[in-house]
Structures are given as structure tokens and as C-alpha cells.
Chemist: 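This is the structure I have questions about; it appears just below.
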Amino acid sequence: MKKNKILVDVSWTGDNFCCSWDDGQDGMVLVTAKTFQKLKDDFSESVRLHIQGCVEDGDVFPDYLVDGEYDIEFNIDDAALIRNV
């Protein structure tokens, strides 16, 4: 079965990698980090905690998000790509 994807655009802002995700209903996740790997790790954890907290507050999310049945696809822009080499 094909997993759903969370698509995330990664940019370079000042001295950090930056990305965000809007869940379409209850909020957003914004992450910055000095390295691309740290950004990916922090973002993945932040999305999980955001969804968990919203569900605990009574918000309704699609099952695939609640169950963690998704992949995160990071689309890195040229400015960030240069720093990730």
C-alpha cells in the first residue's frame, strides 16, 4: 500500500535551513536548524508531536496522520541545496 506524503519545501534563511507545514486546520509546524539532517529529524518529531497534541485536544485528523502512516518528502531549494553539499 502506498503511503501518503507530507510535502515540505526547505529553504535557506540567513544561517539556517528552514521548513514549515500547515496541517490545513489547526496550525502549523515551523522548524529551523543549522544542518539539513537536524532539520529533517526535528521536523519529523515536531509533526508527530503536533498531531498528537491536537488529537489529545479533541481535534480530528485523517487516520494516516494519527497512525503515522506517512512519508515526509523534503523538497530543497537551490540556496539550501548549495549548503547541503
Side-chain angles (χ1 to χ4, degrees):
M1 178 198 271
K2 186 176 177 180
K3 281 188 174 181
N4 289 289
K5 287 186 182 179
I6 293 176
L7 302 176
V8 181
D9 292 325
V10 178
S11 301
W12 182 256
T13 57
D15 294 328
N16 293 296
F17 291 93
C18 178
C19 68
S20 65
W21 174 68
D22 178 348
D23 69 25
Q25 59 190 14
D26 296 305
M28 82 174 346
V29 174
L30 174 68
V31 175
T32 64
K34 294 288 182 194
T35 68
F36 183 54
Q37 186 59 53
K38 177 106 171 94
L39 178 92
K40 291 177 15 178
D41 294 344
D42 289 355
F43 183 82
S44 298
E45 180 69 4
S46 295
V47 166
R48 187 187 67 73
L49 291 172
H50 170 69
I51 293 167
Q52 178 184 358
C54 288
V55 169
E56 288 172 0
D57 287 345
D59 299 321
V60 177
F61 279 81
D63 288 341
Y64 77 92
L65 288 174
V66 175
D67 297 337
E69 295 296 321
Y70 55 84
D71 289 322
I72 300 173
E73 183 175 307
F74 293 92
N75 299 316
I76 187 166
D77 74 11
D78 289 341
L81 184 61
I82 291 169
R83 277 131 182 114
N84 191 45
V85 182

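Just the heavy atoms: all of them, side chains too, but no hydrogens, waters or symmetry mates, feed the values below.
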Chemist: List for me each residue that meets side chain to side chain contact (heavy atoms under 4.5 Å, CB included) alongside Asp57, sequence neighbours excluded, and say none if there are none.
Modeler: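 Scan of Asp57 (side chain to side chain contact (heavy atoms under 4.5 Å, CB included), adjacent residues dropped) gives Asp59.
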
Chemist: Could you measure the distance from the CG atom of Asp63 to the CG atom of Asn4? Nearest 0.5 Å is fine.
Modeler: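 Answer for the CG-CG pair, Asp63 versus Asn4, is 10.5 Å.
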
Chemist: For Thr32, give me all partners under side chain to side chain contact (heavy atoms under 4.5 Å, CB included), at least two apart in sequence or on another chain.
Modeler: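 Thr32 satisfies side chain to side chain contact (heavy atoms under 4.5 Å, CB included) with Asn16, Cys18 only.
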
Chemist: Taking only residues two or more places apart in sequence or in another chain, which ones pass side chain to side chain contact (heavy atoms under 4.5 Å, CB included) with Asp9?
Modeler: Asn75

Chemist: Is Val47 reachable from Leu49 through a run of I, L, V, M, F, W or Y residues, each pair having side-chain heavy atoms under 4.5 Å apart?
Modeler: no

Chemist: How would you list, by chain and number, every residue that makes a salt bridge (charged side-chain N to carboxylate O under 4.0 Å, His left out) with Lys38, sequence neighbours excluded?
Modeler: Asp42

Chemist: Applying ring-ring contact (aromatic ring centres under 6.0 Å, His included), name anything that partners Trp12, two or more places apart in sequence or on another chain.
Modeler: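 ring-ring contact (aromatic ring centres under 6.0 Å, His included) check on Trp12 returns Phe17.
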
Chemist: Going by the rule salt bridge (charged side-chain N to carboxylate O under 4.0 Å, His left out), which residues pair with Glu56 if we only count those two or more places apart in sequence or in a different chain?
Modeler: none

Chemist: Check Asp22 against Gly27 and note the closest heavy-atom contact, atom names and distance.
Modeler: OD1-O, 3.3 Å

Chemist: Using every non-hydrogen atom in the two residues, find where Leu39 and Val31 come nearest and quote the distance to one decimal.
Modeler: CD1-O, 3.4 Å

Chemist: Please check if Leu65 and Leu30 belong to a single hydrophobic cluster, counting links between Ile, Leu, Val, Met, Phe, Trp and Tyr side chain heavy atoms closer than 4.5 Å.
Modeler: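 No, separate clusters.
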
Chemist: Among residues at least two apart in sequence or on other chains, which ones pass side chain to side chain contact (heavy atoms under 4.5 Å, CB included) with Ile72?
Modeler: Ile6, Val8, Phe43, Ser44, Tyr70, Phe74

Chemist: Quick one: closest heavy-atom pair of Ser11 and Ala80, and the distance?
Modeler: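 Closest approach of Ser11 to Ala80: C-CB, 3.8 Å.
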
Chemist: Sequence neighbours left out, what pairs pass salt bridge (charged side-chain N to carboxylate O under 4.0 Å, His left out) with at least one residue falling in residues 45-55?
Modeler: Glu45-Arg48

Chemist: Any idea which heavy atoms bring Met28 and His50 closest together, and the distance?
Modeler: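 So the minimum-distance heavy-atom pair works out to N-CE1, 4.3 Å.
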
